[in-house]
Every structure is written in C-alpha cells, then in structure tokens.
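Heads up, the thing below is written out as structure tokens.
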Amino acid sequence: MVRRIKIAPSLLSARFERLGDQVQEAAKAGADLLHIDVMDGHFVPNLTMGPAIVKSIRPLTKVPFDAHLMVTHPQNFVAAFAEAGVDDLTVHVESEHDVRTTLKAIRDAGVSPGLVLNPATPLKNAAQFLGEIDLLLIMTVHPGFAGQPFRRDVVPKIREARAHIDKEGLACELQVDGGIKVDTAPIVAEAGADILVSGSGIFPDRVAENLRAIRVAAEAGAKGRR
Ligand code: DX5
Ligand code: ZN
C-alpha cells in the first residue's frame, strides 16, 4: 500500500496583505497542515509572524497549524503559541534551551511537540529525544528564508531517520522543509518523509494547482520506496 503523504503549505510565501484569503485557499486545496514559520531576527536573520497573527487566522479554518519556531529561546513562547491555537510546535535542537524541558512544556500545554534539525546537524543530536516527540523535522535548506535551493546532501539523513523511526517502532512523523517543489518532492518522499512543507512551491498564486502537483509528485516518489 502506498503511504499517504501529507502536504503542509508554508504561509511564509503567502501574500501577507491577504493572508486570510491565502489560508482559506490552501485549506480548500486540501492542505493537511498549515506550516507557520516563526523567526526572531536572532536565531535566523529574519523576522516573521508571532502569536497574535496566528490567533487572528485560527478561526478561518479547521486545518491543523504546524508552527516552526526558529527562535533562540523557544521555551519563552510555548504558552503564547499554545494559547493562539497551534496544533504542533517544532523547536530547533540548536536553540538555547533544555530540549527535554521545552518538549515537556509543549506537551503539557496540550500541543504536539516536534524537534527540528538544521542541514548540518546530525541525527544523533536528536536521537535521545525521538521517543518524546510527535514530529521530527529535517531542514533541507538553512532556515531563514523561503525560496532557497533544496540541499540534496541532506537526503541520506532523511533515509537514516526513516530507518531509525521504523526500526524502533516510534510514533514520530518525519517532516521535511526547504526547497520542496514538484522536482524535489519525489526525492524526499522516496527517502521516507511523511510530511512535506512547501512555501514558494505553493504560494502565492495557483495554490490548488501547485499543491495538487506536489502531492502527485510525492506519491509517485513514495511508490519507489521499498
Ligand atoms: C525556511 C522555512 C521554510 C520555508 C520554506 O526557513 O522554515 O518553511 O518557508 O520555503 P520554500 O518551500 O520556498 O523553501
Ligand atoms: Zn519552516
């Protein structure tokens, strides 16, 4: 049986002057999750959305909100994003925090915890936490900006994570973020990704058409898995 791949459009590439409409376009197009990139201008050299924006778009759709915290001190924002209505919160293993404490705080706030690895960070840095998270996010670009080229050198780490999760029978889903478009979706699906994030591959125009094309490409790639 072919696994169903989930597609998570990233609002970072939406037209912000009509963010609400773009949220609804993605929902109507069948987005499985909406990916929300949170940047603090310190962990990464860019600033994006905070809890107030998340709260304002939350009533527009039932599609789960998947928030990716690219911030130096993620522990300081758990309560605010939980209150804003996110469904999962992924935090970087490279941020300045006690990872286990932050993951527990996320879980205790009623939100699904996830852990993110930058392209250069090995899987072993997350290994001790894999039993405690619902989501492992592997970056295929260095975080900070949409529209960067996919880093093919990260593919072996996706395969390694897939093999590890399956071998240990972990409940954790495997997500990939960065440079995912029609041409790269099959590569990460074949390598074992469950959830594909795509910003500039889906937004801002022809959202339904782009999402469908990425889903078809990803499903074709997933068939190639043994
Ligand atoms: C990058 C963000 C990504 C970004 C992806 O720092 O974490 O979620 O929006 O954008 P694309 O798909 O254009 O690489
Ligand atoms: Zn992201």
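When a ligand or atom number is given, it counts from 1 through the structure's own listing order. We number each residue from 1, following the sequence as shown.
- Taking a cutoff of 4.0 Å between a charged side-chain nitrogen and a carboxylate oxygen, D166 and R225 qualify as a salt bridge.
- Remark: R15 is not positioned above the aromatic ring of F203, lacking an NZ or CZ atom under 6.0 angstrom from the ring centre and at most 45 degrees off the axis.
- The proximity of K181 to ligand 1, defined as any non-hydrogen pair under 4.0 Å, does not occur for either the backbone or the side chain.
- Partner of L136 under the side chain to side chain contact (heavy atoms under 4.5 Å, CB included) criterion, out of V176, L174, I195: L174 alone.
- Near S198, with a cut-off below 4.0 Å to any heavy atom, the atoms of ligand 1 are 12 (O).
- In this structure, the side chain of N46 engages the main chain of G144 through a donor-acceptor pair within 3.5 Å.
- Regarding atom 2 (C) of ligand 1, its nearest protein heavy-atom neighbour is D37 OD1, 3.4 Å.
- Residue G144 has at least one N or O atom closer than 3.5 Å to an N or O atom of ligand 1.
- What sits closest to atom 13 (O) of ligand 1 on the protein, heavy atoms only, is S200 OG, 2.5 Å.
- Ring-plane geometry between H92 and F43 is classed as tilted, the angle between the planes lying from 30 to 60 degrees on a 0 to 90 degree scale.
- Its N, O or S atom nearest to the Zn ion (ligand 2) is what matters here, and for D177 that atom is OD2.
- Taking each of D177, L137, N46, V141 in turn, the one with a heavy atom nearest to atom 5 (C) of ligand 1 proves to be D177.
- Using a 4.0 Å cut-off between charged nitrogen and carboxylate oxygen, K6 and D66 do not count as a salt-bridge pair.
- H142 does not count as a contact of ligand 1, since none of its heavy atoms falls under 4.0 Å from the ligand.
- Residue G179 places at least one N or O, backbone or side chain, under 3.5 Å from an N or O of ligand 1.
- Annotation: M70 places no N or O atom under 3.5 Å from an N or O atom of ligand 1; distance criterion only.
- Contact annotation: for A146 versus ligand 1, heavy atoms closer than 4.0 Å belong to both the backbone and the side chain.
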